[in-house]
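FYI, side chains are in, hydrogens and waters are out, and symmetry mates aren't considered; it's all heavy atoms of this structure. Chain letters run A, B, ... following the sequence lines, proteins first, then strands; residues in each count from 1. Here the structure is a predicted model, which means the values were calculated and not measured.
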Protein chains: 2
Amino acid sequence: MPAEPLARSPAPPDAVLRRLSGYAPLSPDDEALLRRITARPVPVPARTELVRDGEATPRPQVLLEGWACRQRLLADGRRQIVVVLLPGDLIGLSQRRRPLPFGSVATLTTAQVCEVGPLRDCVSWGDGPPGTSLSGTGLPGSGLAAALWQARETEELWLVNQVVRLGRQTAYERVAHFLLELRERLAAVDRVQDERFSFPITQEVLADALGLSVVHMNRTMQQLRRDGLIEQRATAITLRDVPALASIADYTGARTF
Amino acid sequence: MPAEPLARSPAPPDAVLRRLSGYAPLSPDDEALLRRITARPVPVPARTELVRDGEATPRPQVLLEGWACRQRLLADGRRQIVVVLLPGDLIGLSQRRRPLPFGSVATLTTAQVCEVGPLRDCVSWGDGPPGTSLSGTGLPGSGLAAALWQARETEELWLVNQVVRLGRQTAYERVAHFLLELRERLAAVDRVQDERFSFPITQEVLADALGLSVVHMNRTMQQLRRDGLIEQRATAITLRDVPALASIADYTGARTF
DNA sequence: CGCGGTCTTGAGGTTCCTCAAACCTGGTGG
DNA sequence: CCACCAGGTTTGAGGAACCTCAAGACCGCG
């Protein structure tokens, strides 16, 4: 921990480290590498494009502070946010043989971002679950590679959740489900206190994430407030009744099962 | 090609091989391995569960014939099909440290399935794009590992497509978009002739995939037929005007860009 | 011939959307 | 200090898209 009395309140040390160590035990070397790599974050304003759509070889980056999203725009201007990215999330780690229209990545708020090219070079993904290295043990490997693998699996889970929300849930259910997912993800990087967390996005963004119009988004949020399920003040939100929300949303977190 | 005059019309040799070799050049050894592994397909009836939801270590399988899907069920019976699986698609290749609610995998039609455990053991995913092995060349590696990697990337693309369809497109657009995606995927395994391909699923399945009710699904298909965009006979479908469909759906294929 | 599964049609209702305007809040400049 | 503005939230009203319920038609199959 730094000795200087930096009074920045929203700076729980190193979101990435927290995230990844939650997936697999990291060796001191792994931790040192991560700390070194993320030592020089760069401030980025809101609405900045971090990865262009169709880039085959995006620069590997990590989001240390602030929110971002992966999104796709339709020709007529409609926007769908595919997934919201939170502190500790990795961006552009996987390269492809062919450019694919995965959508662009852009910041939603001012953010702290860090290039982590070394992660791509230093880490052998071969240690991830399907690899040979540890297949003898029958268990996924440990260390940075395993954690990165698990992070990728988790990202896929978010996509599945998003599909279910958009395909088969009502507006009310969608918001509840989405809030619970955010809560779980933010808790993993120590950003939830008493079911309360920072919520720095506009209803327009929320609407684009959940496939709704701004107006309906607004009315749905009001309903949740009236029902005593959430409470919103300034740029923070409190989930007043997590079990009720979970029941409404049919929420199955990553830890359940 | 086999010498026996097997009159089975829908048996273009080895969908997996076609799929994977489209992603990266395969060595003769790779091809031999694939052929050997998929030599003994097992027939499976429709509506058979291939992977249970939440399984951490699913058995690696490959779909050689027929259609399947990854789906998630809500407590009240609503079903969302997350992704449709076609001949040549891989199932359950990635294992996880923790069981995650990815949804179950089930056949939609009678199918030919093959267990491919060796793929998990024999292949070092470390040769995939983010690995060290070929990072010196600046290009993703070649061979089976690279192809498997690319297959995984492509699956993620299907999820993104699905999110955009469900979140921001009308029923009409969704169907058009979905049909174009199927066409492209089936073409990759040589199952499209003159924009015509087998389409063995009911409107109920289609509805569950596209987040619609059966009734509305039906009316939407009728509209597409009336507009001369598609033609359906028995269990096959013909796309009569691909450019028009692409324009309606704002379709960006995997090859475009 | 009857039967189950699928497709189709009709009618009425709900959810969600669009358009439009009002309101609120924080910041800026006169 | 106040007028003004921009961005965001809130409200109202009417309409479009989509849903549910229910029944009938079709079709392959035993």
Side-chain angles (χ1 to χ4, degrees), chain A residues 45-48 67 74 76-81 106-110 165-178 198-227 230-237 248-249, chain B residues 45-47 67 74 76-81 107-110 165-178 198-227 230-237 248-249:
Chain A
R47 287 155 214 249
T48 306
W67 290 27
L74 299 190
D76 61 0
R78 279 176 288 180
R79 165 171 83 154
Q80 177 63 46
I81 290 179
T107 52
L108 294 170
T109 68
T110 58
R165 277 193 292 261
L166 296 175
R168 279 298 181 227
Q169 295 198 297
T170 66
Y172 197 72
E173 294 166 339
R174 276 180 221 184
V175 177
H177 197 281
F178 185 63
S198 161
F199 195 69
I201 54 177
T202 67
Q203 296 189 348
E204 188 189 351
V205 168
L206 209 41
D208 281 341
L210 296 181
L212 300 170
S213 70
V214 187
V215 172
H216 199 60
M217 187 71 245
N218 181 281
R219 293 187 166 128
T220 306
M221 292 294 280
Q222 286 180 51
Q223 190 61 49
L224 283 163
R225 267 178 260 156
R226 257 179 268 128
D227 294 345
I230 65 174
E231 194 174 302
Q232 224 180 336
R233 269 191 347 268
T235 72
I237 197 171
I248 287 164
Chain B
R47 286 157 216 248
W67 289 26
L74 299 190
D76 61 0
R78 278 175 288 181
R79 166 170 82 154
Q80 177 62 46
I81 290 179
T107 53
L108 294 170
T109 69
T110 59
R165 276 193 293 261
L166 296 175
R168 281 297 182 227
Q169 295 198 296
T170 66
Y172 196 72
E173 294 165 339
R174 277 181 222 184
V175 177
H177 196 280
F178 185 63
S198 161
F199 195 69
I201 54 177
T202 67
Q203 296 189 350
E204 188 189 353
V205 168
L206 209 42
D208 280 340
L210 296 180
L212 299 169
S213 71
V214 187
V215 172
H216 199 60
M217 186 72 245
N218 181 282
R219 293 186 166 129
T220 305
M221 293 294 280
Q222 287 182 48
Q223 191 59 48
L224 284 163
R225 268 177 261 155
R226 258 179 269 127
D227 294 346
I230 66 174
E231 194 174 305
Q232 226 180 334
R233 270 190 347 268
T235 73
I237 197 171
I248 288 164

Participant: Provide, to the nearest angstrom, the distance between the CG atom belonging to Asp208(B) and the C1' atom belonging to dT6(C).
Facilitator: 14 Å
Participant: Hey, which of these two, Gln232(A) or Arg219(A), hits DNA chain D nearer its 5' end, going by closest nucleotide?
Facilitator: Gln232(A)
Participant: Could you give the CZ-to-C1' distance, from Phe199(B) to dC7(C), as a whole number of Å?
Facilitator: 14 Å
Participant: Of the listed nucleotides (dT20(D), dT11(D), dC17(C)), which one gets closest to any side-chain atom of Ser213(B)?
Facilitator: dT20(D)
Participant: How long is the line joining CD of Gln222(A) and P of dG8(D), in whole Å?
Facilitator: 18 Å
Participant: I need the CZ-C1' distance between Arg226(A) and dT10(D), as an integer number of Å.
Facilitator: 11 Å
Participant: Tell me, do Ile248(B) and Tyr172(B) make a side-chain contact under 4.5 Å, heavy atoms counted?
Facilitator: yes
Participant: Could you tell me the separation between the CD atom of Glu173(B) and the P atom of dA17(D), rounded to a whole number of Å?
Facilitator: 11 Å
Participant: Of the candidate nucleotides dC17(C), dC18(D), dT20(D), which contains the atom at the shortest distance from the side chain of Thr170(B)?
Facilitator: dC18(D)
Participant: Using atom CE of Met217(B) as one end and atom C1' of dT9(C) as the other, report the distance to the nearest whole Å.
Facilitator: 17 Å
Participant: Within a reach of under 6.0 Å around CZ of Arg233(A), are more than 12 heavy atoms found that belong to other residues, nucleotides or ligands?
Facilitator: no
Participant: Which pair of heavy atoms, one from Arg174(B) and one from Leu210(B), lies closest together, and at what distance?
Facilitator: NH1-O, 2.7 Å
Participant: Do other residues, nucleotides or ligands put more than 12 heavy atoms under 6.0 Å from Glu204(A) CD?
Facilitator: no
Participant: Please report the distance, rounded to the nearest Å, between CD in Glu204(A) and C1' in dG7(D).
Facilitator: 10 Å
Participant: OP1 or OP2 of dC16(C) less than 4.0 angstrom from a side-chain nitrogen or oxygen of Arg168(B), does that happen here?
Facilitator: no
Participant: Where the side chain of His216(A) is concerned, which of dC7(C), dC19(D), dC16(C) is the nearest nucleotide?
Facilitator: dC16(C)
Participant: Measuring only between side-chain heavy atoms, which start at C-beta, is Leu74(B) closer than 4.5 Å to Gln169(A)?
Facilitator: yes
Participant: Nearest 0.5 angstrom please: Arg168(A) CZ to Leu166(A) CG, how far?
Facilitator: 12.0 Å
Participant: Look at the side-chain N and O atoms of Arg225(B) and state whether any lies under 4.0 Å from the OP1 or OP2 oxygen of dC7(C).
Facilitator: no
Participant: For the side chain of Leu212(B), starting at C-beta, report the closest nucleotide among dT11(D), dT9(C), dC18(D).
Facilitator: dC18(D)
Participant: Is a donor from one side chain sitting under 3.5 angstrom from an acceptor on the other, for Arg226(B) and Gln223(B)?
Facilitator: yes
Participant: Report which part of the nucleic acid Arg47(B) touches: base, sugar-phosphate, or nothing (heavy-atom distance under 4.0 Å, all strands).
Facilitator: sugar-phosphate
Participant: Can you tell me if the side-chain N/O atoms of Gln203(A) get under 4.0 Å from OP1 or OP2 in dG7(D)?
Facilitator: no
Participant: Rounding to a whole Å, what distance do you find between Ile201(A):CD1 and dG7(D):C1'?
Facilitator: 16 Å
Participant: Measuring to OP1 and OP2 of dC7(C), would you say a side-chain N or O of Asn218(B) lies under 4.0 angstrom away?
Facilitator: no
Participant: Scan Arg78(A) against the nucleic acid and name what it touches under 4.0 Å (heavy atoms): base, sugar-phosphate only, or nothing.
Facilitator: nothing
Participant: Protein within reach of the bases, or only the backbone? For nucleotides 22-30 of chain D, mark each nucleotide 5' to 3' as B, S or -, using heavy atoms under 4.0 Å.
Facilitator: ---------
Participant: Does a salt bridge link Arg78(B) with Asp208(B), judged by any charged N lying under 4.0 Å from a carboxylate O?
Facilitator: no
